**Q** 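One structure is given below, represented as structure tokens, and several questions about it will come after.
Below, read A as the first sequence line, B as the second, and so on, with proteins coming before strands; counting in each chain starts at 1. None of these values were measured; they are calculated from a predicted model.
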Amino acid sequence: MQIALSMENVSKEYPNFKLQIASLKLPSGSIMGLVGPNGAGKSTLIKAILNLVPLDTGRITVLGRDHLKQEIEVKQLVGYVPEESNLYEEATPAWLGGFVAHYYATWDDTYYRGLLEKFQIPVRRKVKQLSKGGKMKLSLALQLAHRPDLLLLDEPTAGLDPLARRDLLQELLEVIQDEKRSVLFSSHIVGDVEKVADYVTFLKEGSIVLCEDKEKLLEKWRQVQFKVFDSSRREEIANLFTYGKYCGNYFQGITDHFDEELPVRLKELGAENIQAVPLDLEKIMVILSRGGI
Amino acid sequence: MWRLLLKDLYLQKRRIIWTLWIVLILLVAARVVMGDAAPVIFFATAYFLTSIFTLQICYNEEENKGLAFLRSLPLSTREVVSSKFCAMLLVTLLTLAAAFAWSLSLPTTNIFAAGKQETALMLITFGELYLVINSLLIFVYFRWGYARVQFLFSLIMTFLAFGSMSLSRLFPKARFLEAGLTSIQGASTGLATAIILIFLLWIGSIKVLQKKELS
């Protein structure tokens, strides 16, 4: 399996924050959702890949190329859409396309014009006259038009109203699933990530708390509730769960390793009326953020 | 790099055209009112304009988060920095050439006429000084951002307007200021010093941009 992005022992320290990534790998052709609360380090991590944030320590490679030693080559392979538009406000989409095209060997102008049409962006209108969603779509078109092997999207839906967010996400889904490219997609809106990601990485206070295949993650995390009347077994039962609490004889717990054996074991320990409910990604993230139910 | 330079000129085109119109009107008015003294005003305005252009190209990048955009493209920091220096040098040289051409075209204000060479050399020396000042503004922009550039520019303008008059009083023992060099020697020394300083500021700007964190 080819690795599109690899991060090893990456660290970056600020006065009140430290990004510390022991290891992160994104397989080629897959979409990874990077989630976490505001200030968790998602943007810093993405910017570090392009050397927009110089690291204190660590190594990053993109398709086997070192992000510092082969910086220009890496940037040829990467498309980066930032959280806030950094396009020249006085420029038009047509001019920006012409400007950016000179720096990419793989620039496809027909594809760019097609994307502008698809996103309904007027080619002669100035960037400052576009809506926030329009600027984001233009940014996306500019980055897709050189057909990058790795696409980095930093909170592409942040700050958009629900309608614009839905439209953008829909269009994003169409274009990123259209081709065999790897995508690292950060968002604090977990629902967006759940729709598109193959892998989910959860960042909290600069460190990776969880990094897993989305389907497996949703399969393994369950909310389980049941009644227990035998008070001598209570502690043993609670130890089977990652998080849990009793309310009288009623127990509610969260497990991150659910399998068919767990209900059997619980019954052996005296649990009754066992109900295991799957959790969505958002609930899992809330639990991880709070460190409990 | 040239494409980046053209980008700066393209994005500033409207401001440049408007500024040139206003300057043209002011210069014509200055010549009508001041007559022979007008060339000094031509050059003072030209120098000031070069700094305004330098401020504008820095402000434009800051306002649009342009550095982060450029650094996300497959471009080296050297190209980004060099484009700013080249744009500044090009505009400064073109402005100076225009000011000289203007001056030469009018017989009464020809600063190269006999007895006026001293004025010409003084203006050239001031041109070199402005090249260094503009390079310093670019360096400060790459190192600290536009807010500090504005602050520094205000300080420099205040000093040039008022402080330079008191220079000999501030540094009474600095005799090298009046070391008996001929005007040509002074201008050549100034040129060499300016080239070295601009080179150092260019190298310094590349180094700081490489380590700069871009949001």
**Q** Using non-hydrogen atoms only, which part of A/E73 is less than 4.5 Å away from chain B: side chain, backbone, both, or neither?
**A** neither
**Q** If we check side-chain contact (heavy atoms from CB on, under 4.5 Å) with B/L200, which of these qualifies: B/I196, B/I198, B/I203?
**A** B/I196
**Q** For the pair A/R147 (side chain) and A/A145 (backbone), establish whether a donor and an acceptor sit closer than 3.5 Å, ignoring hydrogens and angles.
**A** no
**Q** With only heavy atoms counted, which part of A/V100 is less than 4.5 Å from chain B, the side chain, the backbone, both or neither?
**A** side chain
**Q** Side chain, backbone, both or neither: which part of B/K211 has a heavy atom under 4.5 Å from chain A?
**A** backbone
**Q** Side chain, backbone, both or neither: which part of B/L70 has a non-hydrogen atom closer than 4.5 Å to chain A?
**A** side chain
**Q** Counting only non-hydrogen atoms closer than 4.5 Å, does B/K13 touch chain A with its backbone (N, CA, C, O), its side chain (CB onward), both, or neither?
**A** neither
**Q** Would you please test B/Y141 and B/Q150 for side-chain hydrogen bond (donor to acceptor under 3.5 Å, both in side chains) and show each step?
**A** CA-CA 9 Å; B/Y141 168 66; B/Q150 262 187 326; over 6 Å; no
**Q** May I ask you to name which of A/E90, A/K128, A/E89 has the most heavy-atom pairs under 4.5 Å with chain B?
**A** A/E89
**Q** Any side-chain heavy atom of A/Y88 within less than 4.5 Å of one from B/E61?
**A** yes
**Q** Counting only non-hydrogen atoms closer than 4.5 Å, does A/E71 touch chain B with its backbone (N, CA, C, O), its side chain (CB onward), both, or neither?
**A** side chain
**Q** With a 4.5 angstrom heavy-atom cut-off, is it the side chain or the backbone of B/E63 that approaches chain A, or both, or neither?
**A** neither
**Q** Within a 6.0 Å radius of atom NZ on B/K207, are there more than 12 heavy atoms belonging to other residues, nucleotides or ligands?
**A** no
**Q** Closer than 3.5 angstrom, by distance alone: can the side chain of A/K42 be matched with the main-chain N or O of A/P37 as a donor-acceptor pair?
**A** yes
**Q** Side chain, backbone, both or neither: which part of A/L152 has a heavy atom under 4.5 Å from chain B?
**A** neither
**Q** Only pairs of heavy atoms separated by less than 4.5 Å count here; which of A/W95, A/Y80, A/Y103 has the most with chain B?
**A** A/W95
**Q** Are B/K65 and B/F69 in a cation-pi setup, meaning NZ or CZ lies under 6.0 angstrom from the ring centre and within 45 degrees of the ring axis?
**A** no
